[in-house]
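A quick write-up on the structure given underneath.
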Amino acid sequence: MATILIVDDRPSNRTYLTALLGYTEHRLLQAADGAEALAVTRAEHPDLIITDILMPTMDGYEFVQQVRADPQLHATRVIFMSAVYSERETIAMAARCGVTTVLGKPADASQVLGAVNAELAAARGGPAPTLPERRRLTGADDAQDNEHDSERALPFDLCARLSELERMCLALVGERRVEALADAFVDAARRVLSADCVALCLLDSTERKVCHLSAWGVDGALLNDYALTGDDLPAMLLQARAPVRLSGDDALLATLPAGHPPVGYLLGLQVHDLHHPHGWLYCARSPDAAPFSDEEERWATALAAQLAVAHENQNLYDVVQRHAAQLQLEALARADADAALKSSEHRLQLARQVFDSTQEAIVMTDADATIVAVNPAFEEITGYREAEVMGLNPSMMKSGQHDACFYAGMWNCLEKDGKWRGEIWNRRKNGEIYPASMSISAVRDERGELTAYVGVATDLSALKAAHYKLDFLSNHDVLTQLPNRSLFNDRMQQALAAARQDASQLALLLFNVDRLSRINDSLGHGAGDAVLREVARRAGEVAGPTDTVARLSGDEFVMLLTDFEDTDDVIYRAQRLIDAVAQPHSVGGHDLVVTGSVGISIYPRDGDAAGDLLKAADAALTHMKEAGRNGFRFFKGEMNAEALRWLALETRLRRAIERDELALHYQPQVSRIDGRLVGMEALLRWRSDEVGMVSPGDFIPLAEDTGLIHPIGEWVIRQACFQNKAWQHAGLAPVRVAVNVSASQFKAGSVPRVVRAALEDSGLAPHWLEVEITESVMLGDSSAAEAQLAELRAMGVSLSLDDFGTGYSSLGYLSRFPLDKLKIDQTFVRNIATEQRSAAIAQATIALAQGLSLAVVAEGVETVGQRDFLGSLGCDVLQGYLYGRPVPAFEIAQLLARGKVTL
C-alpha cells in the first residue's frame, strides 16, 4: 500500500481523483495549493504526488521545485495534470523539474490508473516512464541525449540553433521564477551565439530597478553598479534603439567595468516589446574569435523578443497572482467585517447590559467634560438622577477634601497618559462626603483627537467602615473600648523611643478594681462588666491628652503618663485615679462602692523596656495589695523620699559649674612590663558645698536625664585638654589623656565641634587626646555616630571603646567604627583569676582586639594575681587601684615627673 498526495485547488478535481483511487488500497492525502501540499509532503513523505500546475499561493511547478530541492524528498515521484497549459508547455515544465508523466484535464480513468501504477512501479525500483514529447523534440537519433548536461556541444548549424531556440522557448513558457527564466535564456544565448560571455539584466515592473542580473563567463557583481544609469556599457544599452555591434578598436568597449574579461567583439541590445523596455542583453567574444555577423544579430534580436514576451507574461502572471491574492484578501476581509459587525452589535448589547447592571458608578462626558450619560449605579451611589446632572461638569460633586494641586495632577495624568486612577472623596446629593476608588480614561478617535472621558467609581464607604471596625476591634477591648494589650504595647514602644530621644521620663500606673469578684458572684457578670466600663470611663477623664489608658485583662488596667513634671505629679495622678474609682457606681438599682490599687514604675529608673516596666509596676501593685489595697505604691519603697532628694540634687547640679564644684581626677594607665606611665583617664568628681562629695553613679545619670550632660561634658573635654597642655608646658613627659563622652552628646552631634574648639583653644596636639565611648553610642543613630567618630579620627584624636562586653558587643560595629583601643570592663577583671567565665571573656576580648590590630587596656586591676593573669593573656596596659586611685591633677603631676609606677 502506497501513500498518494492529490494537490488541486478545485475540490471537484480532488473529489474525482479520490473517488477513482478510492477503490485501491492506497492511502490518500489532499491539499488545496502548493504551500499546503509542501507542508503535507514534509510531514507525510508520500510515495506519489498528483498535482495541478496553476494554483493560488504556490503553483504546482514551484511546489515540485521545492520538493526537488529537499534532499529527503527529491526522489518523490510526481504526475503533472493541467487544463490551462498546452501539452507542449506542460511537458517542457515537467522536463525542467524531473517529472516524467503528464496528464491533461479531463483525463480518462484508465490513463490515470495506468500512470499511477507506472509511477509507483518506478518508485519501487522499476523503469521510469519517459516523456514522449522529449523524443519527438530532440530527434530519434539523439534519444540518448541527456537533457541536463549543461556542457553539451555548442550548436553551429541552423538546425541546431532552431532546436536550441525551441528548447529555450519551451523552458521560458513554463517558468514562473525570474532567476530560472534568466538562467535558461543566458544558457541558450551563449550556445546559439557562440559567446564567450553573456550578461542579461531584467527590470522590475516599475522599469526603474533591477529585477535580476544573470551572467555567464563574467562575474555579475562587476555589472551591478553599471546596470541602470550612464553612457557607458552596459547601461547605455537601455537607450539603444537598435542592436549594437562593437569590435576591438571601438572606444565604447573600454567603458566596460574594470575587471571584465578581455572583449574583442560585443553584440548588445535592449530587451523590449512594443510598449515597454524589459532590460538589456550583451554577448561578447574574445579578441582572437570571429566577429558577430548580421545573421547572429538577427538571432540575438529573435532571442531577445522571445525573452521580452516571456518576461512580460511573467509580470502579467505576478499581477494576476497579486490581484487574485488581493481579491481573496478582500473576500476574507469582507467576511471578517461581517463577522465583526455582528460581534460588535453583540458586544454593544452586552456593554449596555454591563453599563446598566454594574455596581460601579459610570459617568461619561464629552471632550469638554460635560456629562452626557450616567448609569443606574451612579444614581444610587450619589443620589443624583441622570436628568439632574446631564450637561453639568462632574466638579459639581467636589467634596472640598482635595486642593487644587490634586486636581491639577489628575488632569496632567489624563493629558499625558490618557488615564488616571486613585482614591478620591466626592459629595453625595444629600451633602455627605464619601471615599471612592476612581478610574478616568480619555477616549480618542482614530485620528487621535479627544472625544470623551469615561469615569468608573467604586463606593468605598462600606469597605472603609469595615476596615476601620476590624482595625478597631483588633486593637481595642470590646467591653470598655479602651486600647488592648497589643495597641498599648505599640504606644508604649513609641513613648519609649520618644523618651530616649528627648531624655525624658515615663510613668506606668498599673491598677485594678479591688475584689471585683464579689460583684460578679453576687450580682452577676453583667454588673461586673458595667463597673469595668464605668472605671474605664473615669480613668479616661483622669488621663491627660497625651496619656494612654488600656485594659490588659480582667479587672487590670494600665495608665501611661508621658507628660509630667516630677514625682509629685505622678502621685497626684495616682491619687486622682484612686478617688475616681472609689466614687459610687449605680448598677441595676444598686449603689456600689469599689476601690482601686495602683502600682507605679518610672522609666528609666525602673527599666528600659516595656516588659521591665510592667513587671516593676506589677510588683509594686502586689505590694500595695498586701499592704491593704486602696492606695498606690512605687516600685522602690524609698522613691517618695528619694524623689525630693533627686529634685534638690538636680538644682545643685545646675549650679555646680558656676560654683566651680566640679573637678577632674586622673587615674594612670601603666605598662605591665616596666611600670611606665603610658596614659591616664580623666574622671569627673563633684564636691557640693551643701551635701559634700556626690557619687558619679548618682549625678552622671541625673545629668543624662536632665540634659546637663552637654554643658558638663564640654567642660570636661576642655579642662582635660588645658590640663594636659599645662603639664607639657611644665616639662613633664607627654601622655595621652582619655575623656568619657556619653551617647547623649553624640546624639546631639556636637562632639567634633567641642573637641576641635578645645584643642585649638588649649594648643594641645590631637594625638594626646583620647575619646572614650560606650556601646550605647553605637546603638543609637549609628550612621551619625560613625560620621562623628570618623571626623574625630581625621583630626588625629584616638578613639577607645569602654566597658566592652557588658552591652551589645557587636562585631559588626567593631569593623565599622574607626576604633584604636578596647577596654576590658572591671566586672570581668574582678574575678578573672577565680571564675572561668570571666577569664574566657577577657581572653576572647584580647584575642579579638589583637586580630583587629586594636590596643587593649584592662580596667579595675587591684591585685598582683589579676595583673599576672592578664599578662599571661597578652594584655600589657593595666588600670586600677593596684597602680593608683584617681587623684587630682597636682598629684598626677608628681607621678608624671617620676615617669613610672613602682609597686
Side-chain angles (χ1 to χ4, degrees), residues 354-444 450-476 478 481-484 486-487 490-491 494-495 497-498 540 543-549 562:
V354 171
F355 184 79
D356 291 338
S357 61
T358 184
Q359 299 299 309
E360 283 77 24
I362 301 177
V363 56
M364 301 176 64
T365 74
D366 59 16
D368 296 325
T370 300
I371 297 175
V372 296
V374 299
N375 69 338
F378 174 89
E379 297 179 333
E380 182 178 350
I381 291 174
T382 65
Y384 288 102
R385 312 312 299 174
E386 184 177 39
E388 295 177 293
V389 297
M390 290 291 286
L392 300 180
N393 190 288
S395 61
M396 41 83 71
M397 293 184 293
K398 277 187 178 180
S399 64
Q401 298 293 310
H402 306 292
D403 56 18
C405 292
F406 173 85
Y407 293 105
M410 174 193 295
W411 283 107
N412 184 53
C413 284
L414 284 171
E415 293 174 1
K416 180 181 177 183
D417 303 326
K419 58 185 177 181
W420 176 87
R421 180 178 290 115
E423 286 194 11
I424 189 171
W425 286 84
N426 282 333
R427 187 180 301 277
R428 306 186 205 272
K429 182 179 180 181
N430 61 8
E432 175 190 353
I433 62 173
Y434 67 98
S437 175
M438 193 163 192
S439 174
I440 306 175
S441 300
V443 181
R444 297 183 181 275
L450 181 66
T451 59
Y453 293 101
V454 177
V456 180
T458 302
D459 188 353
L460 299 179
S461 301
L463 183 63
K464 293 278 189 181
H467 283 178
Y468 175 79
K469 185 175 181 180
L470 181 62
D471 182 68
F472 184 86
L473 291 177
S474 65
N475 291 289
H476 289 78
V478 177
Q481 306 297 298
L482 291 176
N484 59 14
S486 175
L487 181 56
D490 181 65
R491 293 186 180 178
Q494 296 180 29
T546 62
D547 302 332
T548 297
V549 179
T562 60

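What's counted below: heavy atoms across the whole structure, side chains too, no hydrogens, waters or symmetry copies. Values in this document were obtained by computation on a predicted structure and should not be read as measured data.
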Drop me the distance from [X]'s [atom1] to [Y]'s [atom2], to the nearest 0.5 angstrom.
X	Y	atom1	atom2	value
E423	L460	CD	CG	5.5 Å
M397	Y384	CE	OH	7.5 Å
K419	S441	NZ	OG	7.5 Å
I381	Q359	CD1	CD	8.0 Å

With side chains defined as the heavy atoms from C-beta onward, is the minimum distance between [X] and [Y] less than 4.5 Å?
X	Y	result
D459	R428	yes
V374	M390	no
H476	N484	no
T365	I371	yes
I424	M410	yes

Treating [X] as the side-chain partner and [Y] as the backbone partner, does any N or O pair qualify as donor plus acceptor under 3.5 Å?
X	Y	value
S437	T458	no
N426	P435	no
T382	F378	yes
E386	E379	no
N393	M396	no
S461	Y434	no

Closest non-hydrogen atom pair, [X] against [Y]:
X	Y	answer
A442	L450	CB-CD1, 3.8 Å
D366	V372	N-CG1, 4.0 Å
S486	N475	OG-OD1, 4.1 Å
G400	R427	N-NH2, 4.5 Å
A457	A436	CB-CB, 4.4 Å
W425	S399	O-OG, 2.8 Å

Please report the C-alpha distance between I440 and V454 in whole Å, then the side-chain angles of each, then the deciding distance to 0.1 Å, and finally whether the side chain to side chain contact (heavy atoms under 4.5 Å, CB included) criterion is met. CA-CA 6 Å; I440 306 175; V454 177; over 6 Å; no
Does CZ belonging to R421 count more than 12 external heavy atoms closer than 6.0 Å?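 Counting neighbours around CZ of R421, 12 or fewer heavy atoms of other residues, nucleotides or ligands fall under 6.0 Å, so no.
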Counting only heavy atoms not in Q481 (residues, nucleotides, ligands), do more than 12 fall under 6.0 Å from its CD?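 Yes, the 6.0 Å shell around CD holds more than 12 heavy atoms from other groups.
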Please confirm whether Y453 and W420 have ring centers closer than 6.0 angstrom.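 No; W420 has its ring centre 6.0 Å or more from that of Y453.
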